[in-house]
Amino acid sequence: MAKIDDKIQEFKKHLVTKEQRIKAEEEAKLLGTAMQQLLPEIFEDKRAIPNCFLRGALFGMVRKGRRALVKDEPIFTMSQYEVSFSGEHLDQNDLEVWDTLMYLAKDREVDNELRISLYDLCQQMRLSYNQERTKKLTERALRLKFGTVLIRTNTKIFAGSLINNVYIDTEGDGKLVIEYNKKLTPLFADNEYTLISADIRHLLGDNQLARWLYNFYESHAKPIPFAIDFIQKLCRSDNNSKDFKYKLKASLELIKKAKLAVNIKSKWSYEITTKNFLFVYPKGKTKKQLSLL
DNA sequence: GGGCTACAATTGTGTCGACG
DNA sequence: CGTCGACACAATTGTAGCCC
């Protein structure tokens with residue numbers, strides 16, 4: 001038996017290397033820091049969302065009534081990210097709930113958990129309040145908690161829930177209590193996030209594809225031309241390619257209009273080539289781009 | 001295949017009044 | 001402020017179908 005004890009001791013020593021200790025300290029520091037301090041500076045009506053949430057189908061499109069339950073599903077993303085997901089498929093509305101919660105963490109100077117009434121949350125998301133909505137919102141919150149994400153970037157690995165705990169005291173004050181997952185916050189580091197305009201998103205309304213496209217292209221400073229079927233895979237649309245292309249155009253028009261509504265000087269434009277590639281020009285076509293055509 | 005429209009079914013949404 | 005229920009109706013979606 002002595003042999004086993006020795007081995008255990010050796011193992012423990014191995015655990016408590018200097019490196020491990022520093023990591024533990026960093027972790028304790030992270031968990032001890034107030035949530036609001038971990039989040040990037042945000043401004044009114046802007047939501048900070050990590051890029052890897054925007055560049056793939058983690059928050060994709062979900063057909064009505066066909067939300068799939070998956071386990072360790074690899075999510076098709078941009079090459080530098082490896083993402084897999086377990087849980088119920090998340091859609092754009094789930095993303096909105098999530099980023100609203102993150103925004104509130106910052107705005108209300110939250111330490112660890114947020115207490116909010118569903119009524120208040122509806123107001124924050126510019127939704128009218130009714131019974132159906134409270135049901136959906138709690139569903140979404142629970143879904144965010146249930147879903148487990150594994151994200152592997154060049155420099156970081158994250159595995160965990162998007163929200164640590166959700167708690168509703170239905171007998172008490174009925175408030176929704178959200179406990180944040182602080183280990184998520186490194187995803188915001190190194191400017192690896194994009195500020196998404198809540199105004200524009202609101203203008204895009206319920207058009208899931210338009211919202212996804214808007215998020216996707218906002219996260220790229222210099223958009224690369226993508227093939228349409230590639231985009232379709234990215235956003236997890238199960239339309240046939242014919243319908244998708246049509247919807248894509250309608251969605252892009254909507255984004256264009258929304259951009260103009262918010263900023264009259266917007267020159268945001270797009271183009272679909274004959275070979276079914278989508279070009280997006282955030283600041284309008286440059287002379288160089290025009291000459292290339 | 002591609003562009004587009006029409007249509008019906010299904011779902012989501014706003015509103016309003018009531019209550020404490 | 002916060003919650004609940006009921007209501008009509010608005011929006012979205014898939015499908016079918018048209019023409020090129």
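Lettering follows sequence order; numbering is per chain, from 1. Computed from heavy atoms alone, side chains included, the values below leave out hydrogens, waters and symmetry copies.
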Whole-Å distance separating the CD atom of A/Gln92 from the P atom of C/dT13: 12 Å
Sort me out a list of protein N/O and nucleotides 13-19 of chain B N/O pairs below 3.5 Å, or just none if empty.
residue : atom : partner  : partner atom : Å
B/dT13  : OP1  : A/Asp206 : OD2          : 3.1
B/dT13  : OP2  : A/Arg133 : NH1          : 3.3
B/dG14  : OP2  : A/Ser128 : OG           : 2.8
B/dG14  : OP2  : A/Arg133 : NH2          : 2.3
B/dG14  : N7   : A/Asn130 : ND2          : 3.3

Spacing between A/Lys135 atom NZ and C/dG5 atom C1', to the nearest angstrom: 12 Å
Any sub-3.5 Å donor-acceptor pair from A/Trp212's side-chain atoms to A/Asn207's backbone N or O? no
Just how far, in rounded Å, is P of C/dT13 from CZ of A/Phe244? 12 Å
Separation of C/dA11 C1' from A/Asn93 CG (nearest whole Å): 13 Å
Is there a donor-acceptor pair closer than 3.5 Å between any side-chain N or O of A/Thr134 and the backbone N or O of A/Leu118? no
Can a side chain N or O of A/Lys247 be found less than 4.0 Å away from OP1 or OP2 on C/dG14? yes
For A/Asn276 and A/Lys245, which I'm curious about, is there any donor-acceptor pair between the side chains at under 3.5 Å? yes
Atom CG of A/Leu69 with >12 non-hydrogen neighbours under 6.0 angstrom: yes
From CG of A/Asp91 over to C1' of B/dG12, roughly how many Å is that when rounded to an integer? 13 Å
A/Tyr217-A/Tyr281 aromatic ring centre distance below 6.0 Å: no
How close or far is atom P of C/dG2 from atom NZ of A/Lys175, stated in whole angstroms? 6 Å
Quick one: A/Gln208 CD to B/dG12 P, roughly how many Å, whole number? 11 Å
Partner of A/Asn215 by side chain to side chain donor-acceptor pair (under 3.5 Å), out of A/Arg47, A/Arg55, A/Gln92: A/Gln92
With a 3.5 Å cut-off and no angle check, do the side chains of A/Asn112 and A/Lys182 form a donor-acceptor pair? yes
Would you mind reading off the distance between A/Leu118 atom CG and C/dG2 atom P, rounded to a whole angstrom? 11 Å
Which residue is it: A/Arg201, A/Arg211, A/Lys106? I am looking for the one with a salt bridge (Lys or Arg N to Asp or Glu O under 4.0 Å) to A/Asp99. A/Arg201
With sequence neighbours left out, write down each residue that passes ring pair (Phe, Tyr, Trp, His ring centres under 6.0 Å) with A/Tyr129, or none if nothing qualifies. A/Tyr119
Base contacts versus sugar-phosphate-only contacts with protein, heavy atoms under 4.0 Å: please encode nucleotides 2-7 of chain B as B, S and - from 5' to 3'. BBBB--
